[in-house]
Colleague: 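Provided herewith is a single structure, encoded as C-alpha cells, for subsequent inquiry.
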Amino acid sequence: LPPECVLALAAVAEQRRQENEALCRQAKQAHALQRSDIFAGLSAEAQDRVLEAMTYAEFEAGSAVCREGEKAARMFLLMAGACTVSVRGVGGVGGGAEGGERVVGRLVPFDMFGESALVSGKKPRVRAATVTADVDVQVLVLSRAAVPALVKAGHLDREWGARMMKMYKTREEENASKMRRPVAVV
C-alpha cells in the first residue's frame, strides 16, 4: 500500500480506538451494565472488564444492526439513538401478508439486545428478530469470541450464564407471543 493509504488507515484506526474508549467511559459513568438484568449481578470490576472487552460500532438510520435468521455472533448495548425490533410473520400473522413483518419492540439507550449470540450451545444461534436503527445509533458490541476470556478470568460465571439463558428464553417467548396476537384492522 502507498504510504498515504497506510497513514489514512492508521488515522481511522486511532479515531475508532478513541471513540471506543469514550463510549466505554460513558457506559461506565452511566452504570450501563448495572441497568441490565444480565450483568447487574456482576461486581463493578467485572462490569468494567466486560465493557473493556466491547467494541464501538455505528449504524446509520434505516440500516439493520442485526437481521433475523443470520448467525448470532455479537450482542449489543445501545448507547445513543433508538431502534425498532421486528420479526417476520408466517401465514399472514405478521404484517398481514405471508412473510410480513411485525414490530415487537423498541430499543432506547442502555438497552441490550442480541443476547442469543452469547448463549452457549454446540452450534451458533440464529437471530430471532431484526433490529433496525431508527436514527443514527452508537452501540458497544460484545462478541461471542470475547466471552471465553472473560469466563476464564472469572469476570463471567455460572450465575451470569443462567441469567443470560433466562433472558434469551424470555425474549424468545415474548417475540413468539407478539406474533400470535391478531392484527387490529382499522
Colleague: Do Thr55 and Asn20 get their side chains close enough for a donor-acceptor pair, meaning under 3.5 Å?
Modeller: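 Absent: no donor and acceptor within the cut-off.
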Colleague: Rounded to the nearest 0.5 Å, what separation is found between the CD atom of Glu172 and the OG atom of Ser116?
Modeller: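 The OG atom of Ser116 is 9.0 Å from CD of Glu172, to the nearest 0.5 Å.
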Colleague: With distance as the sole test, does Arg127 use its side chain to make a donor-acceptor pair with the main-chain N or O of Gly114 at under 3.5 Å?
Modeller: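 Yes; at least one donor-acceptor contact below 3.5 Å.
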Colleague: Are side-chain heavy atoms of Leu142 and Met54 found at a separation under 4.5 Å?
Modeller: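 Of all side-chain heavy-atom pairs linking Met54 with Leu142, at least one is under 4.5 Å.
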Colleague: Is there a chain of hydrophobic side chains (I, L, V, M, F, W, Y, each step under 4.5 Å between heavy atoms) that links Val141 to Met79?
Modeller: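 Hydrophobic grouping puts Val141 apart from Met79.
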Colleague: Looking at Ile38, is its backbone amide N or carbonyl O close enough to the side chain of Arg163 to form a donor-acceptor pair, meaning the two atoms are under 3.5 Å apart?
Modeller: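 At least one qualifying donor-acceptor pair exists.
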Colleague: Just how far is it from atom CE of Met165 to atom CG of Leu118, taken to the nearest 0.5 Å?
Modeller: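 The CG atom of Leu118 is 11.0 Å from CE of Met165, to the nearest 0.5 Å.
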Colleague: Taking everything shown except Asp157 itself, do over 12 heavy atoms lie less than 6.0 Å from its CG?
Modeller: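 Yes, CG of Asp157 has more than 12 neighbouring heavy atoms, counting only those of other groups under 6.0 Å.
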Colleague: Does Phe39 offer a backbone N or O that forms a donor-acceptor pair with the side chain of Gln47 under 3.5 Å?
Modeller: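 A pair under 3.5 Å: yes.
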Colleague: Do side-chain atoms of Glu115 reach the backbone of Tyr168 as a donor and acceptor pair under 3.5 angstrom?
Modeller: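 Such a contact is absent between Glu115 side chain and Tyr168 backbone.
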Colleague: If we ignore hydrogens and angles and just use 3.5 Å, is the side chain of Ser63 paired with the main-chain N or O of Phe59 as donor and acceptor?
Modeller: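 The answer is no, because no donor-acceptor pair under 3.5 Å joins these two groups.
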Colleague: For Glu159, look at atom CD and say whether over 12 heavy atoms of other residues, nucleotides or ligands are found less than 6.0 Å away.
Modeller: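 For Glu159, atom CD is not crowded (no more than 12 foreign heavy atoms under 6.0 Å).
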Colleague: Do Val139 and Val131 belong together in a cluster built from hydrophobic side chains that touch within less than 4.5 Å?
Modeller: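 In one cluster: yes.
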Colleague: For residues Glu45 and His155, determine if any side-chain heavy atom of one lies less than 4.5 Å from a side-chain heavy atom of the other.
Modeller: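 Yes, side chains in contact.
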Colleague: With heavy-atom distances below 4.5 Å as the criterion, would you say the side chains of Leu42 and Leu33 are in contact?
Modeller: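 No. Closest side-chain heavy atoms not under 4.5 Å.
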Colleague: Is the closest basic N to carboxylate O distance between Glu52 and Lys28 below 4.0 Å?
Modeller: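 Salt bridge: yes.
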Colleague: Should Val65 and Val87 be counted in the same cluster of Ile, Leu, Val, Met, Phe, Trp and Tyr side chains packed under 4.5 Å apart?
Modeller: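 Val65 and Val87: one cluster.
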Colleague: Does the side chain of Gln138 come within less than 4.5 Å of Tyr56's, by heavy atoms?
Modeller: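 Yes; the side chains approach each other to less than 4.5 Å.
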Colleague: Could you tell me which non-hydrogen atom of Val85 sits nearest to which non-hydrogen atom of Ala129, and how far apart they are?
Modeller: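 So the two residues come closest at CG1-CB, 3.6 Å.
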Colleague: Donor-acceptor check, side chain of Asp136 to backbone of Ala61, threshold 3.5 angstrom: yes or no?
Modeller: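 Such a contact is found between Asp136 side chain and Ala61 backbone.
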Colleague: Charged N to carboxylate O under 4.0 angstrom, Glu173 versus Lys169?
Modeller: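 Salt bridge between Glu173 and Lys169, a charged N being under 4.0 Å from a carboxylate O: no.
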Colleague: Are the side chain of Thr130 and the backbone N or O of Glu68 linked by a donor-acceptor pair below 3.5 Å?
Modeller: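 At least one qualifying donor-acceptor pair exists.
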Colleague: Do Glu70 and Arg67 sit within salt-bridge range, that is, some charged N less than 4.0 Å from a carboxylate O?
Modeller: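 No salt bridge links Glu70 with Arg67.
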Colleague: Taking all non-hydrogen atoms of both residues, which atom of Ala73 and which atom of Ala117 are closest, and how far apart?
Modeller: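 Where Ala73 meets Ala117 most closely, the heavy atoms are C-CB, 3.5 Å.
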Colleague: So if you build clusters from Ile, Leu, Val, Met, Phe, Trp, Tyr with side-chain heavy-atom gaps below 4.5 Å, do Leu77 and Leu156 land together?
Modeller: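 Hydrophobic grouping puts Leu77 with Leu156.
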Colleague: Would a single hydrophobic cluster contain both Leu51 and Leu78, if residues Ile, Leu, Val, Met, Phe, Trp and Tyr are joined by side-chain heavy-atom contacts under 4.5 Å?
Modeller: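 Hydrophobic grouping puts Leu78 apart from Leu51.
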Colleague: Report the distance from atom CE of Met75 to atom CG of Leu140, rounding to the nearest 0.5 Å.
Modeller: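 Met75 atom CE to Leu140 atom CG measures 10.0 Å (nearest 0.5 Å).
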Colleague: Looking at every heavy atom in both Phe113 and Arg171, which two are closest together, and how far apart are they?
Modeller: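 Closest heavy-atom pair between Phe113 and Arg171: CA-NH1, 3.5 Å.
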Colleague: When you measure from the side chain of Arg144 to the backbone of Val119, do you find a donor-acceptor pair of N or O atoms at a distance under 3.5 Å?
Modeller: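 A pair under 3.5 Å: yes.
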Colleague: Using only heavy-atom distances, determine whether the side chains of Ser86 and Arg102 contain a donor-acceptor pair under 3.5 Å.
Modeller: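 The criterion, which ignores hydrogens and geometry beyond distance, is not satisfied for Arg102 and Ser86.
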Colleague: For Glu14, is the CD atom crowded, meaning more than 12 foreign heavy atoms sit under 6.0 Å from it?
Modeller: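 Enclosed.
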Colleague: Are the side chains of Cys83 and Thr132 in contact, using a 4.5 Å heavy-atom criterion?
Modeller: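 Thr132 does not reach Cys83 side chain to side chain.
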